2 protein chains.
Amino acid sequence: MTLFLSTFINKVDRKGRVSVPASFRAALADQTFQGVVLFRSHGHACIEGFPQSFMAELSDRLDNFDLFSADQDDLATSIFGESVQLPFDGDGRIILPANIIEYADLGEQCAFVGMGRKFQIWNPSAFEARKSEARENVKSRGVTIPKTAGGA
Amino acid sequence: MTLFLSTFINKVDRKGRVSVPASFRAALADQTFQGVVLFRSHGHACIEGFPQSFMAELSDRLDNFDLFSADQDDLATSIFGESVQLPFDGDGRIILPANIIEYADLGEQCAFVGMGRKFQIWNPSAFEARKSEARENVKSRGVTIPKTAGGA
DNA sequence: TAAGAATCCATGATATCCCATAAATATCCA
DNA sequence: TGGATATTTATGGGATATCATGGATTCTTA
């Protein structure tokens with residue numbers, strides 16, 4: 001199992017610690033770096049989470065932009081420049097930095113949302129809204145999954 | 001045999017456990033992940049069930065989208081965020097999460113309905129109603145099965 | 001030496017594993 | 001072919017391990 005699936009709501013304690021769901025940890029077990037990489041999402045008030053090994057692929061994908069384009073520069077800055085690498089403690093928890101908590105408006109709880117090869121961290125009630133929005137978009141815009149390469 | 005066929009009604013015990021029909025398990029025997037992936041159906045008050053490999057395929061296809069595009073995000077949220085991955089215990093049972101039981105209104109029993117490459121889980125009496133509805137629709141609208149992909 | 005981090009330990013809840021039973025099915029052998 | 005014996009299944013219950021969580025203790029380092 002290597003995919004991040006399902007949604008888990010865990011508690012953020014007074015120290016900013018939160019358990020990464022056990023199944024997410026299992027999906028990260030084969031990594032050399034035992035932990036996650038987080039950065040603030042561009043499109044939403046949430047946090048993007050990746051395995052450390054996936055960051056290399058992200059970099060490759062960014063190279064498909066023109067090397068000196070404004071877009072490439074912006075993305076690289078906001079992703080690599082702002083990402084944080086958070087190791088698990090002995091009990092599978094990470095400590096969320098203050099700016100992350102603030103950006104995603106995380107309170108006592110946060111939602112870990114599986115997105116396949118990555119995941120997101122949300123304020124639970126904000127995610128509820130996001131969930132219906134996503135479902136609505138898929139339906140109304142008729143978004144489908146392309147069979148092979150070449151999708152939008 | 002790799003298809004889910006026929007309908008089986010099994011008991012949901014006090015712990016929320018239910019046996020996956022043996023023939024369904026046989027259809028999943030070649031998988032690396034020994035278990036099923038479930039999510040709430042959009043069209044009906046039932047649960048959709050898939051082999052985990054199906055999710056892996058979806059993930060591969062999603063990789064054709066730009067990583068942070070709105071479409072990718074919407075699809076990943078509504079597909080992966082809302083699914084759950086349930087492993088078999090030693091006796092071929094799974095534990096149904098509370099929100100799944102609630103959504104499909106499952107009581108003491110549930111019906112596993114083979115649908116070919118996927119299956120559905122229903123409240124048995126709700127499924128009886130659904131069955132006659134489906135048969136009626138097929139008859140009145142003269143629905144048929146197209147020869148290959150991309151039919152009518 | 002005080003503030004913040006990292007590590008360690010305790011605990012209840014829950015999932016996982018293991019075994020027992022009974023019914024249904026399959027298998028075997030005279 | 002008949003009938004006795006194995007296997008497989010679905011189901012229930014209890015023991016055990018895991019997980020999320022909170023708090024305490026040790027370690028850094030400013």
Side-chain angles (χ1 to χ4, degrees), chain A residues 1 4-29 33-38 49 84-102 106-114 119 121-124 127, chain B residues 1 4-29 31-38 49 52 83-102 106-114 119 121-124 127:
Chain A
M1 199 261 283
F4 300 105
L5 286 183
S6 187
T7 296
F8 302 88
I9 293 181
N10 285 343
K11 253 188 180 171
V12 182
D13 71 14
R14 228 175 312 153
K15 304 178 187 176
R17 291 184 303 185
V18 61
S19 278
V20 175
S23 69
F24 283 24
R25 264 151 39 210
L28 293 162
F33 172 70
Q34 279 304 293
V36 297
V37 175
L38 303 184
V84 288
Q85 213 171 349
L86 303 176
F88 296 139
D89 70 10
D91 304 317
R93 285 180 285 199
I94 55 176
I95 300 182
L96 298 172
N99 69 321
I100 290 233
I101 290 182
E102 189 191 355
L106 302 179
E108 295 212 333
Q109 302 196 112
C110 68
F112 286 81
V113 181
F119 61 92
I121 302 178
W122 284 82
N123 172 311
F127 178 64
Chain B
M1 201 259 280
F4 302 108
L5 290 180
S6 184
T7 295
F8 302 87
I9 293 181
N10 285 343
K11 244 187 184 175
V12 182
D13 71 14
R14 225 178 316 155
K15 301 180 184 177
R17 291 183 302 186
V18 61
S19 279
V20 175
S23 69
F24 284 23
R25 262 148 44 208
L28 294 164
Q31 300 263 316
T32 46
F33 173 73
Q34 279 304 293
V36 296
V37 174
L38 303 184
Q52 202 258 4
S83 66
V84 288
Q85 199 170 24
L86 304 176
F88 296 139
D89 69 10
D91 305 317
R93 286 180 285 197
I94 54 176
I95 302 181
L96 298 173
N99 66 324
I100 292 252
I101 290 183
E102 189 192 355
L106 303 178
E108 295 213 333
Q109 302 197 113
C110 67
F112 286 81
V113 182
F119 61 91
I121 302 178
W122 284 82
N123 172 313
F127 177 62

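Below, read A as the first sequence line, B as the second, and so on, with proteins coming before strands; counting in each chain starts at 1. Note that this is a predicted model, so its numbers are computed, not measured.
- In 5' to 3' order, the nucleotides of DNA chain C bounding all contacts with chain A (an atom under 4.0 Å from a heavy atom) are C/dA6 to C/dC9.
- The one candidate from B/L106, B/V36, B/I100, B/V18 that meets the side chain to side chain contact (heavy atoms under 4.5 Å, CB included) condition with B/I121 is B/L106.
- For B/A22, taking side-chain heavy atoms from C-beta onward, the closest of the listed nucleotides D/dA20, D/dT9, D/dT21 is D/dT9.
- Phosphate contact (OP1/OP2 of D/dG13, side-chain N/O of B/R14, threshold under 4.0 Å): present.
- As a whole-Å value, the separation of B/I95 CD1 from D/dA17 P is 17 Å.
- Here the C1' atom of nucleotide D/dT9 and the NZ atom of B/K11 are 15 Å apart, to the nearest Å.
- Under the 3.5 Å distance criterion, the side-chain polar atoms of A/Q34 are matched with a main-chain donor or acceptor of A/L28.
- The base of D/dG14 is paired with the side chain of B/K15 by a donor and an acceptor separated by under 3.5 Å.
- A distance-only check finds no donor-acceptor pair linking the side chain of B/S83 to the backbone of B/L38 [under 3.5 Å].
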(request) Determine, stepwise, if the pair A/I94 / A/F88 fulfils side chain to side chain contact (heavy atoms under 4.5 Å, CB included). (result) CA-CA 5 Å; A/I94 55 176; A/F88 296 139; 3.8 Å; yes
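- Atom pair B/D91:CG and D/dA10:C1' shows a separation of 9 Å (rounding to whole Å applied).
- Nearer the 5' end of DNA chain C, as judged by each residue's closest nucleotide, is the contact made by A/P87, out of A/P87 and B/F88.
- On a pure distance criterion of 3.5 Å, a polar donor-acceptor pair joins the side chain of B/R93 and the base of D/dG12.
- Residue contacts for A/V20: at a heavy-atom cut-off of 4.0 Å it reaches the sugar-phosphate backbone alone, with no base atom in range.
- Atom CD1 in A/I9 sits about 14 Å away from atom C1' in D/dA20, given to the nearest Å.
- A salt bridge links A/D91 with A/R93: the closest approach of a Lys/Arg side-chain nitrogen to an acidic carboxylate oxygen falls below 4.0 angstrom.
- Between A/F24 and A/F119, the ring planes are tilted. Angles from 30° to 60° get that label.
- Remark: P of D/dA24 and CG of A/D89 are 17 Å apart, rounded to the nearest angstrom.
- Checking D/dA10, D/dG22, D/dA15 against every side-chain atom of B/N10, the shortest atom distance belongs to D/dA10.
- The CD1 atom of A/I95 sits 8.0 Å away from atom NZ of A/K15, with the distance rounded to the nearest 0.5 Å.
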